[in-house]
Amino acid sequence: MENLNIKGQIITQHDKGFHEAIMGTLFNKWDTGRRPLMMVSPQNIDDIISTLHYAKSVGKKVSICSGGHSWSANHVREDSILINMKGFNQYEINRENMSAKVGPGVGGSTLLIELFKRDLFFPAGHCKGVCLGGYLLQGGFGWNGRKYGMACENVIGLDIVTANGEYVHANENENADLFWAARGSGGGFFGVVVAFHLRLFKKPAYCCSITHVFDIKHLESVYHWAAEVGPSIPDAVEFQMLMSSSVLKFLGSGIEAIAPIFAETKDEFEASKAFMVNSPIKKKAFFRTPCLPTNMSAMYSAAMTHYPDNHHWGVDNMWTKAPVEQLIPYLKVMSNNLPPAPSHVLWLNWYPPSRKTDMAYSLEDNIYIALYGTWENPNDTQKYGSWANDWMEKMSHLSTGIQLADESLHKRTSPFISENHLHKLDKIRADRDKDYLFNAWHSRPI
Ligand SMILES: Cc1cc2nc3c(=O)[nH]c(=O)nc-3n(C[C@H](O)[C@H](O)[C@H](O)COP(=O)(O)OP(=O)(O)OC[C@H]3O[C@@H](n4cnc5c(N)ncnc54)[C@H](O)[C@@H]3O)c2cc1C
């Protein structure tokens with residue numbers, strides 16, 4: 001067996017600190033018990049190429065991580081070689097061209113906070129720590145994403161090391177098959193992304209947020225109202241509701257209705273906040289904020305209270321267009337057995353536009369429901385570990401598929417890309433990765 005000689009770091013199963021190194025790549029501290037054979041942290045592109053040649057020569061599969069925020073620990077696979085791209089965390093912002101070149105290990109929040117300071121914007125994800133590598137590949141539901149599109153729609157090119165060990169650029173005209181596949185295949189992509197080229201936006205003139213908080217006894221009226229106003233909520237609002245057993249951190253069971261608004265003009269701003277300001281149920285809220293101006297640092301801090309570090313997580317999700325009358329009975333029973341906060345049930349008002357971009361990403365629907373169960377003590381895994389999956393299984397007849405962002409394909413499967421796009425993706429994979437060097441999603445071992 002040949003040796004792997006690279007500039008970057010290699011740690012193998014036999015080395016001290018291996019367990020800690022693998023767990024250190026993960027946001028979700030629920031240890032699946034799976035372990036790769038070794039983890040390689042490349043320093044440069046030659047290191048990546050050598051690692052791929054090495055993996056082929058020893059007949060092992062490859063997986064990749066950047067920020068390690070896959071809830072399902074998609075990169076931690078048995079008998080595989082893990083390439084950790086966290087160190088590829090450089091970025092360059094080109095104001096003139098309204099573009100940026102970013103490494104996969106760049107945190108979305110790092111980029112967006114930096115852009116904000118320069119009056120620029122990109123629809124990065126809602127939490128600190130989520131890196132652009134996994135985020136952009138799976139689609140990317142980001143700030144102001146209803147307006148600016150899926151984050152991956154704003155990827156204009158990628159630098160990739162292919163399964164053959166070639167370093168290529170992919171865009172609309174060059175290696176267009178890889179470009180198509182890289183926008184939506186998520187953890188099923190078959191290449192190592194070294195950099196993304198992004199289209200930037202001007203910072204919206206109005207960045208504000210309104211919150212109404214309801215006691216759980218108003219569950220029915222809150223969801224009825226949300227379903228009624230949902231289709232007409234302007235696309236400058238990413239309206240969402242979080243149901244938990246302790247709203248605003250210390251209060252009891254309830255629902256936080258939150259409307260972040262990113263508007264370009266005064267008229268758009270007024271129109272965007274109207275559904276909250278004129279809400280017929282707002283008087284039922286025991287806590288209400290006015291429409292407060294905010295910035296990205298404050299938005300990220302608020303979001304992070306729902307997703308703390310060093311926790312175990314069991315997460316699952318569904319897209320739906322089911323009538324609210326069919327959803328409420330489930331939400332009601334769920335509200336009586338929520339795991340402790342910050343575990344929560346997210347209702348995201350999505351109502352996607354018909355997308356013009358032809359890309360692997362292809363499955364979405366009007367309402368997104370995601371369950372985030374979390375616990376600190378590993379002894380509670382038995383108690384809370386399957387909460388999210390069990391509920392999503394019970395509601396699967398109301399679902400039209402799932403988001404890859406919050407997948408738990410190691411536990412439960414459901415469509416995540418349309419059938420014809422999955423077929424096309426399989427064909428591109430068979431052509432580009434003939435030996436199936438790269439691991440695909442948990443539910444579709446290849
Ligand atoms: C707290 C939290 C908040 C989140 N918020 C959002 C949100 O607001 N919007 C949203 O859309 N998603 C969100 N997500 C989901 C998140 O976007 C995905 O889990 C994403 O995959 C994370 O990217 P990563 O690089 O951090 O993760 P990783 O776990 O490193 O990557 C996930 C998978 O992507 C592939 N991959 C990663 N890097 C590369 C690379 N360089 N080349 C090739 N393949 C690669 C691998 O298959 C890997 O297993 C959130 C997740 C968490 C834990």
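Atoms within a ligand are numbered from 1 in the order they appear, just like the ligands themselves.
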Check for me whether [X] meets the cation-pi criterion with [Y], that is, NZ or CZ under 6.0 Å from the six-membered ring centre and within 45 degrees of the ring axis.
X	Y	result
R183	F179	yes
K424	W180	yes
K61	F438	no

- Query: Is there a side-chain contact between I93 and L120, using heavy atoms and a 4.5 Å cut-off?
  - Reply: yes
- Are any of the side-chain heavy atoms of R199 and S99 separated by less than 4.5 Å? no
Could you give the side-chain donor-acceptor pairs of residues 345-354 under 3.5 Å, partners two or more places apart or in another chain?
unit_1, atom_1, unit_2, atom_2, d
N349, ND2, G230, O, 3.2
W350, NE1, E364, OE1, 2.9

- Query: Under a 4.0 Å heavy-atom cut-off, which residues neighbour ligand 1?
  - Reply: F27, I64, C65, S66, G67, G68, H69, S70, W71, N74, H75, M85, P104, G125, H126, C127, V130, C131, G133, G134, Y135, L137, Q138, G140, F141, G187, G191, V192, V193, Y307, A405
